[in-house]
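Have a look at the structure below before the remarks.
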Amino acid sequence: MKTVLLADAEPNSVIPLECLMKREGWRVLVARDGDEALDTARREHPDLLLMDVVMPGRSGFEVLQALRADEALAATKCVLLSARCRETDVAHGLGLGADAYVAKPFSTRDLAERVRRLLS
């Protein structure tokens, strides 16, 4: 079973995403801030990290940089989620190695399909 780590400080975002990912049949872990996301990733080695860009502690960008710099986690798929979707934000996230940058609000069907493709 594939493991998805959700990292977002907002319960209103985490709860529906957690339900969606579980409905898709994946094991779901949750982190409430960037530091917890990185600690959980190092401990659990998820297949995919679905992460908000703006979080307490480390930002999604900082977590992504740390993942890509860690040989054991560098290949982890990562989807950044953000309401901040200026071209510069998207380019920065993709430049750091994100597999996708998804604008909030998003279609849950489209997000589930994107995650399915990344995990297949």
| So which heavy atom on Gly34 is nearest to which on Val63, and how close? | O-CG2, 3.3 Å
| Roughly how far apart are Thr40 OG1 and Arg43 CZ, rounded to 0.5 Å? | 4.5 Å
| field | Step-by-step salt bridge (charged side-chain N to carboxylate O under 4.0 Å, His left out) determination, Arg117 to Glu113 | value | CA-CA 6 Å; Arg117 279 196 314 269; Glu113 176 57 33; 3.6 Å; yes
| query | Is there a side-chain contact between Leu64 and Leu80, using heavy atoms and a 4.5 Å cut-off? | reply | yes
| Rounded distance (nearest 0.5 Å) linking atom CZ of Arg27 with atom NZ of Lys22 | 11.0 Å
| Backbone of Ser13 reached by a side-chain donor or acceptor of Asp8 within 3.5 Å | no
| query | Would you call Asp99 and Arg68 a salt bridge, taking side-chain N to carboxylate O under 4.0 Å as the test? | reply | yes
| message | Rounded at 0.5 Å granularity, tell me how far CE in Met55 sits from CG in Asp35. | response | 9.0 Å
| query | What is the distance from atom CE of Met21 to atom CH2 of Trp26, rounded to the nearest 0.5 Å? | reply | 5.5 Å
| note | Distance col, row Leu111:CG vs Glu24:CD, nearest 0.5 angstrom, shows 9.5 Å
| request: Please tell me if the side chains of Thr3 and Leu29 come closer than 4.5 Å, counting only heavy atoms from C-beta onward. | output: yes
| Which heavy atom in Lys77 sits nearest to a heavy atom in Leu118, and how many Å separate them? | CE-O, 3.7 Å
| Are the side chain of Ser82 and the backbone N or O of Cys85 linked by a donor-acceptor pair below 3.5 Å? | no
| said: Assigning hydrophobic clusters by single linkage (Ile, Leu, Val, Met, Phe, Trp, Tyr; side-chain heavy-atom cutoff under 4.5 Å), is Val102 placed with Leu48? | reply: yes
| query | Going through the distances and angles, do Leu38 and Arg42 end up as a side-chain contact (heavy atoms from CB on, under 4.5 Å)? | reply | CA-CA 6 Å; Leu38 191 54; Arg42 287 179 172 148; 3.6 Å; yes
| field | Passing candidate, side-chain contact (heavy atoms from CB on, under 4.5 Å) with Leu17, options Val115, Leu50, Asp52 | value | Leu50
| query | With distance as the sole test, does Glu62 use its side chain to make a donor-acceptor pair with the main-chain N or O of Ser59 at under 3.5 Å? | reply | yes
| message | Checking Val53 against Leu81 for the side-chain contact (heavy atoms from CB on, under 4.5 Å) test, could you report, in this order, the C-alpha distance in whole Å, the side-chain angles of both residues, the deciding distance, and whether it holds? | response | CA-CA 6 Å; Val53 169; Leu81 305 170; over 6 Å; no
| message | For residues Phe106 and Tyr101: do they belong to one hydrophobic cluster (side chain heavy atoms under 4.5 Å, members Ile, Leu, Val, Met, Phe, Trp, Tyr)? | response | no
| Closest heavy-atom pair and its distance - Cys78, Met51 | SG-CE, 3.6 Å
| query | If you take all heavy atoms of Ala37 and Leu5, which pair is closest and at what distance? | reply | O-CD2, 3.5 Å
| Would His45 and Thr76 satisfy side-chain contact (heavy atoms from CB on, under 4.5 Å), going step by step from the backbone distance to the final call? | CA-CA 8 Å; His45 293 267; Thr76 304; over 6 Å; no
| Does Asp70 have any side-chain hydrogen bond (donor to acceptor under 3.5 Å, both in side chains) partners at least two apart in sequence or in another chain, and if so, which? | none
| query | How close do Ala66 and Arg58 get, heavy atom to heavy atom, and via which atoms? | reply | CB-NH1, 4.3 Å
| said: Main chain of Arg32, side chain of Glu36: is a donor-acceptor contact present, judged purely on distance under 3.5 Å? | reply: yes
| note | All heavy atoms of Ala100 vs all of Arg114, minimum pair found to be CB-NH1, 3.3 Å
| said: How long is the straight-line distance from CZ of Phe61 back to CG of Asp89, given to the nearest 0.5 Å? | reply: 5.5 Å
